[in-house]
Amino acid sequence: MYDILSSLNTAQKEAVETISGPVLIVAGPGSGKTRVITHRIAYLMNACRVSSRNVMAVTFTNKAAREMQERLGQLAPIASQGITIGTFHAICAKILRIDGKIIGIEPGFVIYDQNDQLALVKRGMTELNLDPKQYALSAVLGQISAAKSQTFGPKDYIQRGRSYFEEIVGRVYERYQEMMRASNALDFDDLLMRTVELFRAHKEVLERYQERYVHVMVDEFQDTNTVQYEMVKMLAGKHRNLCVVGDPDQSIYSWRSADLRNILNFEKDYPDAKTIILAQNYRSTKTIISAADAIISVSSMRKPKRLFTDNEQGVPVTLAEAYNEQEEALFVAKEIGRLVSYGGAALRDVAVMYRTNAQSRAIEEAFIRCGMPYKLVAGTRFYERREVKDIIAYLRLILNPADDISLIRIINTPPRGIGERTVDELLVWAKRHGFSLYDAICKISELGDSESRLFTPRAVKLMGDFQKMIADLRQKSNSLKLLTFFDRLIERIDFNSYLLASPDGEDRLNNILELRGVVQEYDDRFPEGVLPALLEGVALVSDVDSLSEVTDTVTLITLHQAKGLEFPIVFIVGMEDGILPHIRSFDAPEQIEEERRLCYVGITRAKRRVYLMRAFRRSMMGASNVNAPSRFLKDIPEELTCGARPWKSEKPKYHRRERDLDWAVADPEFCENQSLPDVKPGDDVYHDQFGRGKIVSINTVCGDTEVVVSFREAGTKKLLLSLAKLEKME
DNA sequence: CGAAAGGCTCTTTTT
DNA sequence: GAGCCTTTCG
C-alpha cells in the first residue's frame, strides 16, 4: 500500500496523524496545506478504518471540493465514496433539503442570489414607502446579511437596533424574510443561518448529524463567519474531532462578515486544542517569500510567523510603471509574449491579478489587440448575465410557482404587453388576498376581475395567456428530457429573435447556447431530479469553480479569487494607493491591514516570478486620476527588486521619483523583439550603467537567462540577459 | 404599452 | 462607463 506519511515533512506528518480532539493547523501559503488535508482524510480512512460516511470536509469553493474528492480518489480509491465534501453553502443546502421541513422549509426551495436579494429589498422598501435614494439598497442588504451572519433574525435585529437607520433596516428585514418565506426561497445567508436554527430548535436532528460526523475538517478557517463557526461547533459537539486549517495572514473576507477571532481564539474555545504550524513553503523562490514576508511583517496585530523555503533564490521582483492603464496592459501583454517566446513559459503559467473587476477591461482590450489568449475568471459572471438569468427564472418559476421574484422578472420578458401598471396592480391584489403572484394570476384569469376591476380586460387576457403558457410548460417539463424541454421553452417564448433584436444579440445568444451546454451536462449527470439539481448548481457555483487548466491561456483574476491558487508567473496590476489599498479602506486601519493581506496573498501565489505594476494615471468611472504608488511597495527591500528596464541613468518619463523607488518605465517599444547577445562565461560585456565586466556564470531560470557579471567598477551583479541590454565586447 | 433618449449615481472584494 | 431611472413620444 502507498505509504501516506512517507512524502510529508515532520509538521505535516504530525498534522496528518493527530486525529483525535481539536486541532488547529496554521498553514502558511504554499506549505502543502491541501496535501495535508487530503492525506489526513486518507489516513483516517486507510490507517484508522474510519468510514468515509463519518467524515465531513468543508472547503471554500466547489472547485477545491472537487479537487479534494479527486485526490482522495487516488489516495484511497475504495474508501472515498461516501464522504461529505463541499462548501458551507452546499452542505447546508443539502441538510435543509432533507431536514428543513421541520422548521418550515419546503424541500423544493430556490436559492436567491444577490440580484434577487436586491430586488426583494427594493420591493420591501417600496411597500414600506421608503425612499431608495435615501437608504441605499446595498447598504440595507449589507445590514441584513451581516445580521444573518451572526444568526440574528429580524426580531433579534430590531431588539438590538440603536440608530434610526437600524430601525428602518429592521422593518425591511422583517418584510424581506416574510417575502422569502412566501416565495419558498432562501438566500446565501439563510442557508447557513437556518441550518443553525434547525440545529438549535431540534436537538434530535442535530444529534443525528453529530453522531454521523465523527471527524470534521474546515479549510480556510480564517475566513469563516460567526454562523459558520457556530455550525461547526455544533456539528463537532459530540466527538470533538475538529480540525481547522487556516492562516490569519490570508484573511481577506471581513467584509463578508468573516471573523478573524474564529481562528485567533480557537485555542481559547478549545483549550485542549493542538496547534501545528506549517511554515515551510514549497511553492515560491526565496526572493518571493522574502518580499511577501516584508509586506506582511509590517502588519501589527498579528502573531509573528516566519515562512521559510529551501527553494532557490530566484529572480528579483520586477517593479514597473506605465503611464496609464492601457500602457500597463500593453506592457503585461508584451512581457508575457517575451517570457513565452524567449523561454519555456507557457501561457497557462501566467496570471494577471487585480483588485477590482473593472481593471480587467483594459487588460482584456490589450490582450485582444495583441492576440494574447486569456480566460477571465469573472467580469459579469455568466449566471448573472441578464439573458441567462431570464431563462433560469423561467425554470425556477416552473419548478416553484411561489417564486415571485422570478415571475416578476419574466412576466414581460420577452415583451408581451404586460406593463408596469399591470404588475403593480397585481402585486397589490396578491398581497391583499395573500396569494403568490402566480396563484393570483390563476385566480384572476379564472374568475375574472369583477370584484375590484383593477385590471383592464386586455391585461386579464394577457395575464391569462401567460399563466396558461407557464402551466403548459410545467406539464411538459415533467415528461421531457430537460434539454428537449429547454429547447421547447426557448422556442415557445421566441427568445432567440428577442435576443437578436437587442444590442449584442449575437453574444447573448451565445450565452444561451452555453447555458444549453450546461443543461445537457446536468441531463447526463442527474437522471433523477435534473431541474432542482441544475438550479442549485447554478446558484452555488463560483467563478473559480469553472476555472480550467486545460486550455493554454493566461488567467485574468481578482486577488480575492486567486486565494488558494498558484502560478509560476504572477503580475499584479494597479499597485497604487486608492486601488491597492483600495480607497474605500482608507478610513479604517484594520481595513488597510486587510488590503495588505490581500497583497500578500497575491504575491504568494507566485512560484517563480512576480511583477508589480503601477500606472501613473488611471481612469475610473469616466474620470482620469493620478495615483501615488501603493504604500505597500516601499515595504519591499530594494535588493529584492529590479525594474523591467534596469537602472538606467535616464529619468523615468512620467514623474519624479518617489521614495527612492527605482521604477522601470513600461515602454512598449522596449518590448519589441530583440536579439539577445550570444554570451558564455568568460566573455567580456558592456552595460550602459555598470560599464565593462566579465560573465561569471549563466543560468536558465523560468524561461529567462540569468547572467552573473563581475563588473570592473560596479562589482558583481545578477542580470537578466533579455532585459539588461548587455553588449558583447569582441 | 414600450422604445428611445437623456440624466443620475456609483462601484471593492463574493459563497 | 454601465446600469438604473425618468421623461417623452409614437
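Just so it is clear: chains get the letters A, B, ... in the order the sequence lines come, proteins before strands, and each one is counted from 1. All values below were derived from every heavy atom in this structure, side-chain atoms included, with hydrogens, water molecules and symmetry-related copies excluded.
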Please report the distance, rounded to the nearest Å, between [atom1] in [X] and [atom2] in [N].
X      : N      : atom1 : atom2 : answer
A:E594 : B:dT13 : CD    : C1'   : 9 Å
A:Y112 : B:dT15 : OH    : P     : 20 Å
A:K94  : B:dT15 : NZ    : P     : 20 Å
A:Q222 : B:dT13 : CD    : P     : 20 Å
A:M620 : B:dT13 : CE    : P     : 11 Å
A:M193 : B:dT15 : CE    : C1'   : 16 Å
A:F221 : B:dT15 : CZ    : P     : 20 Å
A:D187 : B:dT14 : CG    : P     : 18 Å

(message) Let me spell it out: for each of A:S585 and A:Q228, pick the nucleotide of DNA chain B with the closest heavy atom. Which residue's pick is nearer the 5' end?
(response) A:S585
(request) Identify, between A:R458 and A:Y253, the residue whose nearest nucleotide on DNA chain B lies closer to the 5' end. (result) A:R458
Would one find a side-chain N or O of [X] under 4.0 angstrom from OP1 or OP2 of [N]?
X      : N      : answer
A:N62  : B:dT15 : no
A:N357 : B:dT13 : yes
A:T558 : B:dT14 : yes
A:Q561 : B:dT13 : no
A:N225 : B:dT15 : no

(message) Between A:S497 and A:D494, is there a side-chain donor-acceptor contact under 3.5 Å, judged purely by atom types and distance?
(response) yes
(request) Flag the pair A:L437 / A:D403 as yes when at least one side-chain heavy-atom distance between them is below 4.5 Å, and no otherwise. (result) no
(request) Select base, sugar-phosphate, or nothing to describe what A:D113 touches, counting heavy atoms under 4.0 Å on all strands. (result) nothing
(request) Would you kindly compare A:R386 and A:E420 by the position of their nearest DNA chain C nucleotide and give the one closer to the 5′ end? (result) A:R386
(request) Specify the residue among A:K122 and A:R361 whose closest nucleotide of DNA chain C lies further upstream toward the 5′ end. (result) A:R361
Which of the following nucleotides, [options], is nearest to the side chain of [X]?
X      : options                : value
A:T422 : B:dT13, B:dC1, B:dT15  : B:dC1
A:P415 : B:dA3, B:dT13, B:dT15  : B:dA3
A:W255 : B:dT15, B:dC10, B:dT14 : B:dT14
A:R256 : B:dC10, B:dT15, B:dC1  : B:dT15

(message) Under 6.0 Å between ring centres: does that hold for A:F88 and A:F188?
(response) no
(request) Tell me the partner of C:dA2, counting only Watson-Crick (N1-N3 plus N6-O4 or O6-N4) or G-U wobble (N1-O2 and O6-N3) with both under 3.5 Å; none if nothing fits. (result) B:dT9
Aromatic plane relationship, [Y] with [X] - under 30° parallel, 30 to 60° tilted, over 60° perpendicular:
X      : Y      : value
A:Y253 : A:F60  : tilted
A:Y498 : A:F495 : tilted
A:F165 : A:Y135 : parallel

(message) So is the aromatic ring of A:F88 stacked onto the base of B:dT15, judging by whether the centres are under 5.5 Å apart and the planes are under 30° apart?
(response) no
(message) What's the gap between C:dC4 and B:dT13 when it is taken at their P atoms, as a whole Å value?
(response) 16 Å
